[in-house]
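Here the structure is a predicted model, which means the values were calculated and not measured.
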Amino acid sequence: RASNHLPMLRRAVAVAATGGAVAAAAAYSQSLPPAGPSTPIHCEFFEPSRDDRRTAVVIGAGTVGVSLAYQLSELGFKVAVIDSGDAVSAECSAAAAGGMARSNSLVTRDKWMAVVGEWGSRLLGFGKDTTPIPYFIARFSHLVPDPHFWRWIALFSYYSLAAPTELADRQAAMLAFTEWAIERNVEVMQADSGALAGRCGFAATGAVCVGETPSSPLCNREPEVVVSHEELVRLEPATRHGSKGRGAVHLPEARVGDSLRFTRALAAQLKAKGVEFWLNTEVTRLDAVPQNNDGGATQQVVRIRTNDGVIQLNPDTAVVCAAGSWTPQLLSTLGLFVPIYPMKGYTIKIDLPEVSSGDRPLESELPGRFIVQDHLYASRLGDQLRFSSIGEFSGWDTSAHPEVDASMRAHVAEQYPGLASLLPTADTITGLRPFSADGILIAGRVDPYANLWVNVGPGMNGWKTAIGSAELVAKQIAGVPVEAAFDATALAPGMRIKPAGVWAGISRLAWGN
């Protein structure tokens, strides 16, 4: 593998010395050898149709990708969705807890201390027993050899510790966007007499955050009510075991929904309307060529290479990368650095027995709303309970670590002892959350490419903002103004996604791509 990459790296280094980062990125991407078979595939999709619709290809069939297909279809595009999985919403979107509060998790000095401090204490052998499970796990055998991780953690540290002014501006725009996007999501779910809402267990049952204090208005727009321990137990009896005498913050208007069922129901509607889904198709590389464009773009994506063959694009085809945590690896084939790193989340799913069954726990033992308690997120989605937690940094490893799984199950049993009998048969699923270094969504056109857009991050908000971020990107592609009270340019890739041909080559060497 090294012998394949070294000539490209040498060329990129030479070009960088004379022509700059953009030229180096182009030199690296154009030097890569073909990846996968060269047989043309899906040619009929790009043939001129009677209605002369513009074509769009979305890479990624998670909640964000399917939402993009929906919004592009609504705007009249002929859409195809590519995914390496054998089903829609098979990874991160399937593992979401489902919360839909109008709030964001900010990148701050305290967050940096929590993440890096826990890594350091465990690396040095301190603090191993201070929490039931290590919530910010670092598997250094995966991270140390990965240059992409070191560049990402450097940026995460910069934004967290230096808190530059532009970050505060982006955080304000992100909060306004989140509020708008959630309402757009709810509108789609409640259309057609609430068909999607019913299928995905959508409920406006509120949330409680045990042991927390009211949030800063910089990161929250949910009404909050501080409740005592006694009021908390009356409101949510299932918290009586784990609340340990603490009160809570009650968010009476917060909502919840199942992103997996939502995504698959929406995909079924789209298939019926002619949207194509090319599953079991792994994108191995994007090919681009120079072009002259009055708008300033100097590159055009012309081919998508896959494990099945080559997809030759029309000149006006829009390519949207909604590949979540896999976005940095995919766009590295164009010599680009994307400030995203995967943070693995764990979710334990419990399907409740029938109401008439003697195995069903008492209602007082079941979470009735979204509960945040000691880093554990519990949600009630109809007759399914979900318990989500963990921030595991182990590269692109999607497997559940047995020790972490066992510890998390023990933690659930401690907080909700009435569910202990159901835990042995419950499923654990994992998903890689695409965590952006600044905690902000990256949505918009990628310079210097005329027809490449991205929709990824920020890590924790993908489900609840998916329809909104998809509308934002789809309307940009169609040239339609977005009517909303936030600054969309603050969420654009801008200089966050950078041409970095040399770095991309080194990273791909480390990844073995």
(request) Could you walk me through whether H401 and I137 pass the side chain to side chain contact (heavy atoms under 4.5 Å, CB included) test, one step at a time? (result) CA-CA 11 Å; H401 194 282; I137 301 168; over 6 Å; no
(request) Under the side chain to side chain contact (heavy atoms under 4.5 Å, CB included) rule, what do K349 and T347 come out as? Steps first, then yes or no, please. (result) CA-CA 6 Å; K349 296 195 303 182; T347 294; 4.1 Å; yes
(request) Please step through side chain to side chain contact (heavy atoms under 4.5 Å, CB included) for the pair R305 and R303, ending with a clear verdict. (result) CA-CA 6 Å; R305 295 186 182 272; R303 280 179 300 275; 3.8 Å; yes
(request) Please lay out, stage by stage, how L452 and L331 fare under the test side chain to side chain contact (heavy atoms under 4.5 Å, CB included). (result) CA-CA 10 Å; L452 177 63; L331 295 193; 4.2 Å; yes
(request) May I have the step-by-step check of side-chain hydrogen bond (donor to acceptor under 3.5 Å, both in side chains) for T428 and R409, ending in yes or no? (result) CA-CA 9 Å; T428 297; R409 287 170 184 267; 2.8 Å; yes
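Within the 3.5 Å criterion, the main-chain N or O of L106 finds a donor-acceptor partner in the side chain of K111. Under the 3.5 Å distance criterion, the side-chain polar atoms of S379 are matched with a main-chain donor or acceptor of A97. Between the side chain of E276 and the main chain of V81, no donor-acceptor pair closer than 3.5 Å is present. Counting only distance, with no hydrogens or angles, the side chain of D86 and the backbone of N280 share no donor-acceptor pair below 3.5 Å. Distance alone, capped at 3.5 Å, places no donor-acceptor pair between the S259 side chain and the A96 backbone. Side-chain N or O atoms of T430 include one that pairs as donor or acceptor with a backbone N or O of T398 at under 3.5 Å. No donor-acceptor pair under 3.5 Å is formed between the side chain of T263 and the backbone N or O of G62. A side-chain donor-acceptor contact under 3.5 Å links R380 to the backbone of G382. Side-chain atoms of R261 do not come within 3.5 Å of backbone N or O of G257 as any donor-acceptor pair. Judged purely by atom type and a 3.5 angstrom limit, S436 has no side-chain atom pairing as donor or acceptor with the backbone of G457.
Between W326 and I59 the shortest side-chain heavy-atom distance does not fall below 4.5 Å. Taking 4.5 Å as the limit, some side-chain heavy atom of V283 sits within range of a side-chain heavy atom of L286. Looking only at side-chain heavy atoms (C-beta outward), V412 and L423 come within less than 4.5 Å of each other. With a 4.5 Å cut-off on side-chain heavy atoms, Y449 and D447 do not count as touching. Using a 4.5 Å heavy-atom cutoff, the side chains of L330 and C321 are in contact. Contact check for V188 versus Y70: side-chain heavy atoms found under the 4.5 Å cut-off. Within the 4.5 Å cutoff, the side chain of F46 has heavy atoms near those of the V57 side chain. Using a 4.5 Å heavy-atom threshold, the side chains of I311 and I82 count as touching.
Smallest separation of non-hydrogen atoms from L472 and A443: CD2-CB, 4.2 Å. Heavy-atom minimum distance, P37 versus V310: O-CG2, 3.6 Å. Contact between P339 and L155 at its shortest, heavy atoms only, is CB-CD1, 4.0 Å. The minimum heavy-atom distance linking M408 with I348 is given by the pair CG-CD1, 4.0 Å. Pairing each heavy atom of P367 with each of A378, the nearest pair is CG-CB, 4.2 Å. Looking at every heavy atom in both residues, N451 comes nearest to T317 through ND2-O, 3.1 Å.
Using cut-offs of 30° and 60° for the angle between ring planes, the H148 and W396 rings count as tilted.
The pair E253-R102 counts as a salt bridge, with a side-chain nitrogen and a carboxylate oxygen less than 4.0 angstrom apart. Salt-bridge formation is detected for the pair R386/D258: a Lys NZ or Arg NE/NH1/NH2 atom is positioned less than 4.0 Å from an Asp or Glu carboxylate oxygen. A salt bridge links E183 with R255: the distance from a Lys NZ or Arg NE/NH1/NH2 to an Asp or Glu carboxylate oxygen falls below 4.0 Å.
Defined by atom type and a distance below 3.5 Å, a donor-acceptor pair is present between the side-chain atoms of E392 and Y346. Between the side chains of T178 and R221, no donor-acceptor pair of N or O atoms lies under 3.5 Å. A donor-acceptor pair shorter than 3.5 Å can be found between the side chains of S332 and R508. T306 and D308 share no side-chain donor-acceptor pair at under 3.5 Å. Using modelled atom types and a 3.5 Å distance limit, the side chains of D83 and W278 yield no donor-acceptor pair.
At least one test fails for R139 against the ring of F393: distance under 6.0 Å to the centre or angle within 45° of the axis.
Remark: F149 CZ is packed, more than 12 non-hydrogen atoms of other residues, nucleotides or ligands lying under 6.0 Å away. Within 6.0 Å of CG on D192 lie no more than 12 heavy atoms contributed by other residues, nucleotides or ligands.
For W463, the ring pair (Phe, Tyr, Trp, His ring centres under 6.0 Å) partners two or more places apart in sequence, or in a different chain, are F262.
Note that CE of M100 is 8.5 Å distant from NZ of K464, once rounded to the nearest 0.5 Å. Rounding to the nearest 0.5 angstrom, the gap separating the CD atom in Q384 from the CG atom in L260 is 8.0 Å. In this structure, CD1 on I371 lies 8.0 Å from CZ on F387, to the nearest 0.5 angstrom. Taking OG1 of T327 as the reference point, atom CD of Q329 lies at 10.0 Å (rounded to 0.5 Å). With rounding to the nearest 0.5 angstrom, the CD1 atom of I442 is 10.0 Å from the CG atom of N455. Summarising the geometry, atom CZ belonging to R53 is positioned 12.5 Å from atom CG belonging to L75; distances are rounded to the nearest 0.5 Å.
Two rings, from F486 and F177, have their centers less than 6.0 Å apart.
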